[in-house]
Amino acid sequence: MSKDIFGGDDYYMSIGEHLAGGGWNENRRIVEKTAYVYPNIDGLPVYGIYRVMIDFDYKGNIGDIVCLYNSPQEFKKVWLKTCADINNDLADKNYTVDTECELSDCRITDVRLAYHAESYPNDKGEFYIYPVYNLDGVGINDEGETEEFEITIDAIW
């Protein structure tokens, strides 16, 4: 695989393994590996549907390449929300969060800017990538245990 797969070398990659077996008389074995390649924009990660997946069989042969990546055609400058805007979004619950239950005593531990790629085109058939804020935090779940969470808020109006 070329390091210049996206016209630059700014990307994140992870490898997933697909296992088979593991029954009473059978060892688990790797039958396939998938390389997930996530390109960055301006050094920032892009969440949503924005990646290339390359499947390899157990011998290392390429089995499939799935491209869920469209190179951006146009960049526009936009105004980002302020801290006050973000606080209002939090108060109004205008965000998505990756926790399954309501947490108490929540505390934000980190805030970072990223991008999000839409998975479906708009009514004009266009895909958009837009800035988002990711807020990491910790809170207490129903069992009284500390749980980490991530909140995603649109960074523009």
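Quick caveat, the model's predicted, so the values are computed rather than measured.
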In terms of hydrophobic clusters joined by side-chain contacts under 4.5 Å, are [X] and [Y] together?
X      : Y     : answer
Tyr47  : Phe75 : no
Ile156 : Ile41 : yes
Ile49  : Val66 : yes
Ile30  : Ile15 : no

Do [X] and [Y] have side-chain heavy atoms sitting under 4.5 Å apart?
X      : Y      : answer
Asp57  : Glu32  : no
Val111 : Ile86  : no
Leu135 : Tyr95  : no
Ile151 : Leu90  : yes
Ile153 : Asn94  : no
Val46  : Pro39  : no
Phe56  : Thr34  : no
Thr146 : Ile140 : yes

Crowded around [X] [atom1]? As in, over 12 foreign heavy atoms under 6.0 Å?
X      : atom1 : value
Lys33  : NZ    : no
Arg107 : CZ    : no
Asn27  : CG    : no
Glu126 : CD    : yes
Tyr36  : OH    : yes
Glu143 : CD    : yes

Of all heavy-atom pairs between [X] and [Y], which one has the smallest distance, and what is that distance?
X      : Y      : result
Ile129 : Tyr50  : CD1-CE1, 3.4 Å
Cys101 : Asp142 : CB-OD2, 3.9 Å
Pro45  : Asn40  : CA-OD1, 3.4 Å
Ile65  : Val52  : CG2-CG1, 4.2 Å
Tyr115 : Leu44  : CE1-CD1, 3.8 Å

To the nearest 0.5 Å, tell me how far [X] [atom1] sits from [Y] [atom2].
X      : Y      : atom1 : atom2 : value
Glu100 : Leu103 : CD    : CG    : 10.5 Å
Asp154 : Leu80  : CG    : CG    : 11.5 Å
Cys67  : Met53  : SG    : CE    : 9.5 Å

query = Picking from Tyr130, Tyr133, Phe127, what satisfies ring-ring contact (aromatic ring centres under 6.0 Å, His included) with His116?
reply =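 It is Tyr130; the other options fail the test.
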
request  = Would you please test Phe149 and Asp98 for side-chain contact (heavy atoms from CB on, under 4.5 Å) and show each step?
outcome  = CA-CA 6 Å; Phe149 62 89; Asp98 70 350; 3.7 Å; yes

query = Charged N to carboxylate O below 4.0 Å: is that the case for Arg112 and Asp136?
reply =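 So Arg112 pairs with Asp136 through a salt bridge.
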
inquiry  = Checking the side chain of Asn88 only, and the main-chain atoms of Asp85 only, is there a donor and an acceptor separated by less than 3.5 Å?
reply    =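 Judged by distance alone, no pair lies under 3.5 Å.
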
